Structure formats: structure tokens, C-alpha cells
Amino acid sequence: MNKETGFLKVETLKAQMAMPVSGAKVTVLKKVGDKKEAVAELTTNQDGSTKPIELETVNCELSLAPNDSQPYASYDVKVEHPGYQTKYFVNVPVFPDIVSIQSVEMMPLTKGENPNDEEYIIEQEPQDL
């Protein structure tokens with residue numbers, strides 16, 4: 001089956017998802033063998049969003065009939081910004097021919113907290129479609 005493309009857009013927000021965070025570094029990673037490789041690095045704009053990133057995904061025919069294959073590709077997303085906790089999302093789904101949106105609630109660092117001390121990992125359950 002041929003590979004297709006889908007899109008991923010990341011939105012960074014603070015204050016209970018009410019205000020955008022501009023200037024966040026977004027790294028999109030894909031598992032290749034035993035390693036994860038960066039496939040895109042972007043920075044959020046004044047609206048707290050990245051431009052949609054075109055990513056390789058699976059053929060949309062996988063979603064047309066029941067089978068054991070997942071009808072989307074999975075990527076990891078790391079979001080970093082000075083003054084905020086680093087967030088790391090695992091298994092972010094990207095579907096063929098649509099823009100998937102990953103919203104990220106940015107949490108300010110507390111006094112004395114180092115952003116490199118701990119990444120907040122959010123593992124998304126595989127979707128049963």
C-alpha cells in the first residue's frame with residue numbers, strides 16, 4: 001500500500017488554555033527502528049500555533065474495512081519554552097489528508113525549577129477505530 005500524507009498543527013496555550021504562548025520550540029519525532037528521529041522542528045507564532053506540518057502517514061484505505069492495522073501514523077511531539085515545563089507527547093495520531101491538532105497546556109516553572117529537570121510525558125492511548 002502506498003504511503004500518504006497528513007498534517008499536524010501544534011497549539012501552545014497558558015492560563016487554562018486561554019492565552020497563546022509564542023516562541024515555543026516544537027520537535028516532531030518518528031520511531032525509526034529502535035530510535036526516534038526528529039522529522040520537523042518549528043517555533044510557535046504569536047497565536048501560539050505552528051504552521052501545519054506535512055507528515056507521512058498510512059493509506060486511507062486502511063480505515064475503510066475492519067482490520068488489525070491502525071489507520072493513522074503515530075508521532076511524538078516535544079514542546080519546550082524558557083520559563084515553562086517541557087511537555088512530551090507520545091503516540092500523537094496523524095491521519096491521511098486532514099490536519100490533526102495537538103493542543104498543549106504550557107505550565108510556568110515554579111521558582112527554582114529547571115525546565116531540564118523533568119519532562120512531563122503524556123502518553124496517548126492508541127485509538128481503537
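All figures in this text were calculated on a predicted structure; none of them were measured in a lab.
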L109 and Q85: CA distance, side-chain angles, deciding distance, side chain to side chain contact (heavy atoms under 4.5 Å, CB included) verdict: CA-CA 6 Å; L109 294 173; Q85 297 168 343; 3.8 Å; yes
Side-chain touch V21/H81, heavy atoms, less than 4.5 angstrom: yes
Within 45° cone of Y88 ring axis and under 6.0 Å: K78 NZ or CZ: no
More than 12 heavy atoms from other groups under 6.0 Å of CE on M19: no
Under the side-chain hydrogen bond (donor to acceptor under 3.5 Å, both in side chains) test, residues paired with S22 that sit two or more places apart: none
Approximate separation, where rounding is to 0.5 Å, of I101 CD1 and L8 CG: 9.0 Å
Backbone of S74 reached by a side-chain donor or acceptor of K30 within 3.5 Å: yes
S100 versus P93, closest heavy-atom pair with distance: OG-O, 3.4 Å
Side-chain donor/acceptor of T57 to backbone N/O of A73, under 3.5 Å: yes
Main-chain N/O of S49 paired with D47 side-chain donor or acceptor, under 3.5 Å: no
Donor-acceptor contact below 3.5 Å, side chain T44 vs main chain A24: yes
Spacing of E105 atom CD and E11 atom CD [to the nearest 0.5 Å]: 13.0 Å
Heavy-atom check, side chain of E56 versus side chain of Y75, under 4.5 Å: yes
Criterion side chain to side chain contact (heavy atoms under 4.5 Å, CB included) against V39, the qualifying member of V28, L29, V32: V28
Stepwise side chain to side chain contact (heavy atoms under 4.5 Å, CB included) check, Y84 with V79: CA-CA 10 Å; Y84 292 90; V79 182; over 6 Å; no
Rounded distance [0.5 Å steps], CG in N91 versus OH in Y72: 7.0 Å
Distance (rounded to the nearest 0.5 Å) between T12 OG1 and K25 NZ: 14.5 Å
